Amino acid sequence: MRRSQLFIKTRKDVPSDEVALNAQLLIRGGFVHKEMAGVYDFLPLGLAVLNKIIEIIRQEMNAIGGQEVYLSGLQPKDNWEKSGRWHDDVVDVWFKTRTHGAKGFHLGPELGLGNTHEEAITAIARGHISSYKDLPTYVYQFQTKYRNEPRAKSGLLRCREFIMKDLYSFSGSQAQHDKFYEEVKVAYGKIFKRLGLSDSTYLTYASGGSFSKFSHEFQTLLPVGEDTVFVDKKKKMAVNKDVITDDVLTDLGLKKADLKEAKAVEVGNIFPLGTRFSKPLGLNFVDRAGQNKSVVMGSYGIGPGRVMGVIAERFADKSGLVWPEAVAPFMVYLVSIGDDSSIRKAAQDIYSQLTAAGVSVLYDDRDERAGEKFADADLLGLPYRVVVSEKLIKNNQVELKARTSQTPKEVKHDQLVETLVGTLVKTL
RNA sequence: CGGGGAUUAGCGCAGCCUGGUAGCGCGCCGCGUUCGGGACGCGGAGGUCGUGGGUUCAAAUCCCGCAUCCCCGACCA
């Protein structure tokens, strides 16, 4: 992609009332546009990052047998009345509306914009699950959730409209469910590792509601986080402040003295549902012995947009964003310095060569000064910066610098592709 | 939902106290000089001053209501 063609412009200033670092940098870099509090538009670079995150999650969901679906945002109220989650005093984040009535513009049936999809998927599953032979089975989706949060805040970390990956598992017994539940735990671990977050992300014990002792959250330690967790760094475990008691610690084999309090952002959670939804909605199956039973369910969420905000916030330095290679919108920011035709040609060659080698490049071909291009390279946070200039061309060299490094190194022009591809293969 | 702050050009802000033709910086357009860490000169384009009412000869400015945004807290199925 040529920078001169790119839809967005970067900015030097951000709205002064925007305090969250992820929002400041993502807006300055033109990754997102804020539509209103807690509602963001994803622009080309931002969408590229979001899609990379989604693709990583998708691969790991497929790897454990998840089948992708896409459920509607508009939800009829009947399923939710059956589960008891329609009324506003039970779930207070609903956005609700109505259709037009059949005979014109009087009001028709009530609808809600889905804030989660347990009810919907359970109702659908009734038509497809009827025997132990159909179990276990797993479906997931990337879908937009709407939650009328009393207070959206912290940029992408708490939104009213956001994409969520939600996986639902259907099992024939608690044992069958538990087995998959553990597999999801492992899969989530892989996802956060690939996203570069594993060092700071902890499997965290949290409230399980009325159907099980615990649920599990994946909490990334960040000062901006809304959750408070107690972390045992050695055991790589944490406990949410909401559930911490002496009994819980004993159960988990944790000692108070080993725990450290920290702020964290919930980037994922996995939740045993038991028969909380299958019972009221009538999702049953016939077991081997011919007995009618309720399906045992679980739900498993990750918010890709929130994850993007967390990555932005966590790795940024004073010059701007720092994207891990796995989610960067482009791998290389190519800068040409000077307007001389030999420089332009050299830069164009490198652009073609890298692109041909499968390395994505954002080529800053604008007629701007070096300082401005460097500042943009830093702000946008692509993993590598390649510079072509008159001085370098004379020696048949180009300059290569990792975003995380202070010192550029000179590389022979004809070895750049090899060097870069080699570096990338190592890290991917 | 309680408390505090804010709303003036695409973005960042001044002007308001003390009413009198709306200004600065960034960005944008044109010309020229520059060219390895956000250059400079000259000339331009761009604004229902969040919104509804009121006071006044006259309102960005004074008064009343409302909306929206940010922060702190409560909430977070």
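Naming: A, B, ... by sequence-line order, numbering from 1 per chain. These numbers were taken from a predicted model, which means no experiment stands behind them.
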Item checked: Pairwise P distance, B:C1 and B:C63 [rounded to whole Å] -> 26 Å

Item checked: Distance test, side-chain N/O of A:Lys34 to OP1/OP2 of B:C70, below 4.0 Å -> yes

Next item on the list: Could I get the full list of side chain to side chain contact (heavy atoms under 4.5 Å, CB included) partners for A:Thr144, not counting sequence neighbours?
Entry: A:Tyr146, A:Glu161, A:Ile163

Notebook entry, point to check: Quantified in whole Å, what is the P atom distance between nucleotide B:C49 and nucleotide B:G23?
Noted result: 14 Å

Checklist line | Nearest-angstrom distance from the residue atom CG of A:Asp367 to C1' of B:U33 | finding: 13 Å

Next item on the list: Check the distance between B:C11's C1' and A:Gln24's CD and give it to me in whole angstrom.
Entry: 14 Å

Note to self: Over all strands shown, is A:Val335 touching base, sugar-phosphate only, or nothing at heavy-atom distances under 4.0 angstrom?
What the structure shows: nothing

Note to self: Test of understanding: with side chain to side chain contact (heavy atoms under 4.5 Å, CB included), list the residues that count as partners of A:Lys185, not counting sequence neighbours.
What the structure shows: A:Tyr181, A:Glu182, A:Leu203, A:His216, A:Phe218, A:Ile270

Check: Which one, B:G36, B:C76, B:C72, comes nearest to the side chain of A:Ile337?
Finding: B:G36

Margin query: Please report the distance, rounded to the nearest Å, between CZ in A:Phe162 and P in B:C76.
Written below: 16 Å

Check: For B:G47, what is the paired nucleotide under Watson-Crick or G-U wobble rules, both distances under 3.5 Å?
Finding: none

Check: Expressed in whole Å, how much space separates the P atoms belonging to B:A58 and B:G53?
Finding: 16 Å

Notebook entry, point to check: Under 4.0 Å between a Lys/Arg side-chain N and an Asp/Glu carboxylate O for A:Arg403 and A:Asp317?
Noted result: yes

Item checked: Rounded distance in Å between the C1' positions of B:U55 and B:U61 -> 13 Å

Check: Watson-Crick or G-U wobble partner for B:U68, using a 3.5 Å limit on both distances?
Finding: B:A6

Check: Whole-Å distance between B:G4 P and A:Arg151 CZ?
Finding: 15 Å

Notebook entry, point to check: Hey, does A:Ile27 reach any base, or is it just sugar-phosphate, or nothing, if we go heavy atoms under 4.0 Å?
Noted result: nothing

Notebook entry, point to check: Given the C1' atoms of B:U56 and B:C64, what is the spacing between them in whole Å?
Noted result: 16 Å

Margin query: Taking B:G65 as the reference, what is the distance to B:G27 when you measure between their P atoms (whole Å, please)?
Written below: 42 Å

Note to self: If you only use heavy atoms from C-beta on, which nucleotide in B:C69, B:A74, B:G27 is closest to the side chain of A:Lys9?
What the structure shows: B:G27

Check: Given atom CZ of A:Arg344 and atom P of B:C35, what is their separation to the nearest angstrom?
Finding: 16 Å

Check: Pick one: which of A:Ile56, A:Ile302, A:Leu167 meets side chain to side chain contact (heavy atoms under 4.5 Å, CB included) with A:Met61?
Finding: A:Leu167

Notebook entry, point to check: Does the distance from a Lys or Arg side-chain N to an Asp or Glu carboxylate O, for A:Glu110 and A:Lys77, drop under 4.0 Å?
Noted result: yes

Check: Which ones in residues 88-95 of chain A lie close to RNA chain B, meaning a heavy atom under 4.0 Å from one of its atoms?
Finding: A:Val91, A:Asp92

Next item on the list: Output all residues satisfying side-chain hydrogen bond (donor to acceptor under 3.5 Å, both in side chains) with A:Asp376, sequence neighbours left out; order by chain, then residue number.
Entry: A:Arg3, A:Thr10, A:Arg366

Notebook entry, point to check: More 5' along RNA chain B: A:Glu390 or A:Asp227, using each one's nearest nucleotide?
Noted result: A:Glu390

Next item on the list: Specify the residue among A:Asn115 and A:Ser154 whose closest nucleotide of RNA chain B lies further upstream toward the 5′ end.
Entry: A:Ser154

Note to self: Is the terminal nitrogen or CZ of A:Lys96 (NZ for Lys, CZ for Arg) located under 6.0 angstrom from the six-membered ring centre of A:Trp86 and within 45° of that ring's axis?
What the structure shows: yes

Note to self: Nearest whole Å is fine: how far is B:C69 C1' from A:Glu35 CD?
What the structure shows: 13 Å

Next item on the list: Taking atom C1' in both B:A45 and B:A60, compute the distance separating them and give it to the nearest angstrom.
Entry: 23 Å

Note to self: Checking base pairs now: Watson-Crick or wobble, both atom distances under 3.5 Å. What partners B:G41?
What the structure shows: B:C31

Margin query: I'd like to compare against my own output: the B/S/- annotation of nucleotides 37-50 of chain B with a strict under-4.0 Å heavy-atom distance to protein.
Written below: BBB-----------

Note to self: Taking only the C1' atom of each, what is the distance from B:U33 to B:C69 in whole angstrom?
What the structure shows: 43 Å

Item checked: Within 6.0 angstrom of A:Lys235 NZ, more than 12 heavy atoms from elsewhere -> yes

Item checked: Charged tip of A:Lys236 within 45° of A:Tyr202 ring normal and under 6.0 Å -> yes

Note to self: Taking atom NZ as the centre, does A:Lys293 end up with more than 12 heavy-atom neighbours from other residues, nucleotides or ligands that are less than 6.0 angstrom away?
What the structure shows: no

Check: How many Å lie between NZ on A:Lys241 and C1' on B:C76, as a whole number?
Finding: 16 Å

Margin query: Under a 3.5 Å cut-off for both contacts, is B:C16 paired Watson-Crick or G-U wobble with anything, and if yes, with which nucleotide?
Written below: none

Next item on the list: Apply the side chain to side chain donor-acceptor pair (under 3.5 Å) test between A:Gln219 and each candidate in A:Asp227, A:Thr201, A:Thr204, A:Asn269; give the one that qualifies.
Entry: A:Asp227

Next item on the list: Rounded off to whole Å, could you give me the CD1-to-C1' distance for the A:Ile393 and B:G36 pair?
Entry: 13 Å

Margin query: Among residues at least two apart in sequence or on other chains, which ones pass side-chain hydrogen bond (donor to acceptor under 3.5 Å, both in side chains) with A:Asp199?
Written below: none

Check: So what does A:Glu368 hit on the nucleic acid, given a heavy-atom distance under 4.0 Å: a base, only sugar-phosphate, or nothing?
Finding: nothing

